[in-house]
Amino acid sequence: MTTSGPPAPPPEDRGAGATAPRWRIGVLAARVGVSETLLRAWELRYGLLSPTRTDSGYRLYGPEDERRARAMQDARRRGVPAGEAAAGVLAAERSPTGAPGRHPAAYATSESLDARRTRSELEAAMVAYDATSMHAVLDRLLAQVSVEAAITEVLLPFLSGVGDGWAAGDFSVADEHFASDLVRSRLAALSVSSGSRSGPVALLACLPSETHDIGLKAFEVVLLRAGWRTRFLGPRTPLRSLEVAAEVIEPDLVVVTGTTASAFDLTAEDGPVVARLGRLARVALAGHGADAATAARWGAELLHGDPVAAARALVGSARAR
Ligand code: B12
C-alpha cells in the first residue's frame with residue numbers, strides 16, 4: 001500500500017484573520033440536510049453557492065452558502081420549482097428587505113433528522129447509480145428501525161421526493177427508474193416468506209391502466225408481517241382476470257389501486273364484472289385516484305392513508321371482528 005496521494009483537505013478552515021467558518025461540501029450538506037449532489041447541482045445550475053478555494057483547489061463553503069441552501073430547501077418544500085426558487089433566493093439578497101442571515105423557523109420539521117439524512121444518502125447514491133451504496137443504506141436502516149417505520153419514514157417519502165425532483169428538473173427519468181426499481185426490489189424481497197397458513201387472504205391488484213404498484217407492494221409487506229396471506233397480481237390487471245382469480249382464490253379481501261381518478265372509471269362491460277367481484281369478496285380501493293365517490297360507484301370500501309396505516313387499520317379491524 002502506498003502512502004502517497006492528494007493531501008487531506010481541511011475539514012474546517014477559518015482562514016487567516018477571518019471570523020466566518022468554512023466547510024467542505026459534505027459538512028454543508030449535513031448541516032442543511034440535503035445531499036452533496038443536490039448542493040452541487042444548485043451551485044452549477046443556478047449559481048446558488050459561492051465557495052472559496054483552498055490552495056490545493058478544494059471548495060470551501062460558509063454561512064452565507066448555508067443560508068442560501070436552507071432558503072432554497074425551504075422554497076422547494078413549499079413546491080417552488082428549483083430554478084424559480086434559486087432566482088428568488090438570490091433576488092431576496094439584493095432587495096433591501098431580503099434580510100440575509102435570517103434562519104426562518106420554517107426549516108424545523110417534525111420528522112427525525114436520521115430519516116431525512118437517510119433519504120439524502122439514498123438520493124446521493126441514486127444520482128451516482130450506486131446500487132451498492134443504496135443497498136448498504138437500506139441494510140443499515142432496516143437493522144435500526146422496523147420495516148413499517150422504514151417504509152413510512154424513508155422509502156415512500158424518498159420515492160415522493162424523487163418524483164418531485166423529477167418534476168422540478170433536479171432528477172432525470174433514469175434516476176427515477178433506477179431508484180424505484182431498487183426500492184421495489186427491496187419490498188419484494190421483504191414479501192418473500194412461506195408465511196402464515198391460516199391468516200386472512202388478500203388479493204392485491206392494480207387497475208388495468210395502472211403501472212404504479214410500489215404502494216401496493218408496501219401494503220402487502222405489512223399485511224404479511226401481521227400474519228395475513230396475500231396473492232399479488234400487480235400492475236395492469238384486467239378486471240375480468242381479477243374476477244377469475246377471486247373465484248379461484250376465494251380471498252377475504254380484494255384491494256384494487258390506481259394513481260389517477262380516471263383509472264377507476266368503469267366501462268359498460270366493467271360494471272357487471274365489478275358487481276360480481278363484490279359478491280365474491282369484500283372489495284377495497286386505494287391509491288391517489290380513489291375517493292369516497294369512486295368507492296360508492298364500485299360498491300367498495302375506501303382504504304384511508306398510506307399503505308402502512310391502512311394495513312394496520314385493516315389488521316386491527318379484522319382482529320376486532
Ligand atoms: C416510481 C414512479 C413510477 C414508476 C413506477 C414503478 C412501479 N413499479 O410502481 C414508473 C417509472 C413505472 C412510473 C411510470 C409513470 N409515471 Co410515475 N411515478 C413514480 C413516483 C416517483 C413514485 C411512485 C410511488 O411508488 N410512490 C410511493 C407511493 C406509496 O406513494 P404515492 O403514490 O404518493 O401514494 C400515496 C397514496 O396514494 C397511498 N397509496 C399509494 N398506493 C397505495 C396502495 C395501498 C394499498 C394503500 C392503502 C395506499 C396507497 O400512499 C401514499 C401516501 O403515503 C411518483 C412520484 C410521487 N410523487 O409519488 C411518480 C408519479 C406517480 N408518476 C407519474 C406519472 C405521470 C407517470 C407516467 C404516466 C409517466 C409517463 N409519462 O410515462 C408513467 C406511467 C404510469 C401508468 N400508466 O400507470 C405522476 C402521476 C401524476 C398523476 N396523478 O397523474 C407522478 C406523481 C410523478 C409526477 N410528479 O408527476 N412512475
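Both ligands and their constituent atoms are indexed starting at 1 by order of listing.
Which parts of ligand 1 touch S180 is read off a 4.0 Å heavy-atom cut-off, strictly below it: atoms 1 (C). For ligand 1, the atoms sitting less than 4.0 Å from at least one non-hydrogen atom of G163 are 21 (C), 55 (C), 89 (N), numbered in the order shown with element in parentheses. Shown in contact with L216 at under 4.0 Å from a heavy atom are these atoms of ligand 1, numbered in order with element: 43 (C), 45 (C). Close approach of ligand 1 to S160 is summarised as follows: ligand atoms under 4.0 Å from at least one heavy atom of the residue are 56 (C), 57 (N).
Hydrophobic clustering keeps V244 apart from L207 (ILVMFWY residues linked when any side-chain heavy atoms are closer than 4.5 Å, directly or through intermediates). At a threshold of 4.5 Å between side-chain heavy atoms, the hydrophobic network of Ile, Leu, Val, Met, Phe, Trp and Tyr places V222 and V256 in two separate groups. Taken together through direct or relayed side-chain contacts under 4.5 Å among Ile, Leu, Val, Met, Phe, Trp and Tyr, V273 and V283 form part of one hydrophobic cluster. Under the 4.5 Å side-chain heavy-atom criterion for Ile, Leu, Val, Met, Phe, Trp and Tyr, L285 and L239 are members of the same hydrophobic cluster. Under a hydrophobic clustering in which Ile, Leu, Val, Met, Phe, Trp and Tyr are joined whenever their side-chain heavy atoms come within less than 4.5 Å, directly or via other members, L203 and L280 fall into different clusters.
Here K217 contributes atom NZ and S185 contributes atom OG; the two are 11.0 Å apart, rounded to the nearest 0.5 Å. Atom CG of L60 and atom CG of L28 lie 11.0 Å apart (nearest 0.5 Å). In this structure, CE on M126 lies 8.5 Å from OG1 on T37, to the nearest 0.5 angstrom. For the atom pair CZ (R140) and CD (E121), the distance works out to 4.5 Å, reported to the nearest 0.5 Å. Note that CG of D114 is 11.0 Å distant from CZ of R119, once rounded to the nearest 0.5 Å.
In terms of heavy-atom proximity, E243 sits nearest to L277 at CA-CD1, 4.0 Å.
Ranking protein heavy atoms by distance to atom 47 (C) of ligand 1, first place goes to A310 CB, 3.4 Å. Protein heavy atom closest to atom 24 (C) of ligand 1, with residue, atom name and distance, is L159 CD1, 4.1 Å. In this structure, the protein non-hydrogen atom closest to atom 87 (C) of ligand 1 is W166 CZ3, 3.9 Å. Of the protein's heavy atoms, G287 CA, 3.9 Å lies nearest to atom 40 (C) of ligand 1. Given atom 77 (N) of ligand 1, the protein heavy atom at minimum distance is S209 O, 3.4 Å. Closest protein heavy atom to atom 75 (C) of ligand 1: T211 OG1, 3.0 Å. From the protein, the heavy atom lying nearest to atom 53 (O) of ligand 1 is D306 CB, 3.2 Å. F219 CG, 3.4 Å is the protein heavy atom nearest to atom 45 (C) of ligand 1.
Inter-residue side-chain proximity for R225 and V147 is flagged as met; some heavy-atom pair is nearer than 4.5 Å.
Applying the side chain to side chain donor-acceptor pair (under 3.5 Å) test between S50 and each of E64, R68, R59 identifies R68 as the sole match.
Under the 4.0 angstrom criterion, atom 43 (C) of ligand 1 counts as having a protein heavy-atom contact. Proximity of atom 81 (C) of ligand 1 to the protein is not indicated, since no non-hydrogen protein atom lies closer than 4.0 angstrom. In this structure, atom 68 (C) of ligand 1 has its sub-4.0 angstrom surroundings free of protein heavy atoms. Atom 3 (C) of ligand 1 lies below 4.0 Å from at least one non-hydrogen atom of the protein. For atom 13 (C) of ligand 1, a protein non-hydrogen atom is found at a distance below 4.0 Å. The presence of a protein heavy atom under 4.0 Å from atom 60 (C) of ligand 1 is confirmed. Inside a 4.0 Å radius of atom 7 (C) of ligand 1 there is at least one protein heavy atom. By the definition of a contact as any protein heavy atom under 4.0 Å away, atom 72 (O) of ligand 1 is not in contact.
Judged by the shortest distance from any of its heavy atoms, V162 lies outside the 4.0 Å radius around the atoms of ligand 1.
With a heavy-atom cut-off of 4.0 Å, T260 touches ligand 1 through its side chain alone. Proximity of T257 to ligand 1, defined as any heavy-atom pair under 4.0 Å, is confined to the side chain (atoms from C-beta onward). Residue-level proximity to ligand 1 for I214 is carried by backbone and side chain together, each with a heavy atom below 4.0 angstrom. Contact annotation for P235 and ligand 1: no heavy atom of the residue comes within less than 4.0 Å of the ligand.
For atom 51 (C) of ligand 1, the candidate residues are A168, G258, A218, P307; the nearest heavy-atom contact is made by P307. For atom 35 (C) of ligand 1, the nearest non-hydrogen atom from the set R236, H288, H177, R184 belongs to H288. Heavy-atom proximity to atom 38 (C) of ligand 1, evaluated over A286, G215, G305, is greatest for G305. If you check each of H212, E176, H304 against atom 63 (C) of ligand 1, the one with the closest non-hydrogen atom is H212.
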Handout entry: Intermediate values then yes/no, side-chain contact (heavy atoms from CB on, under 4.5 Å), W228 and V315
Key = CA-CA 8 Å; W228 281 49; V315 169; 3.7 Å; yes
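For the pair D213 and ligand 1, the shortest N or O to N or O distance falls below 3.5 Å.
There is no side-chain donor-acceptor pair under 3.5 Å between D265 and S262.
A search for side chain to side chain donor-acceptor pair (under 3.5 Å) contacts involving R186 returns H135, D139, not counting sequence neighbours.
Put simply, the side chain of T211 never gets that close to the backbone of P235: no donor and acceptor are under 3.5 Å apart.
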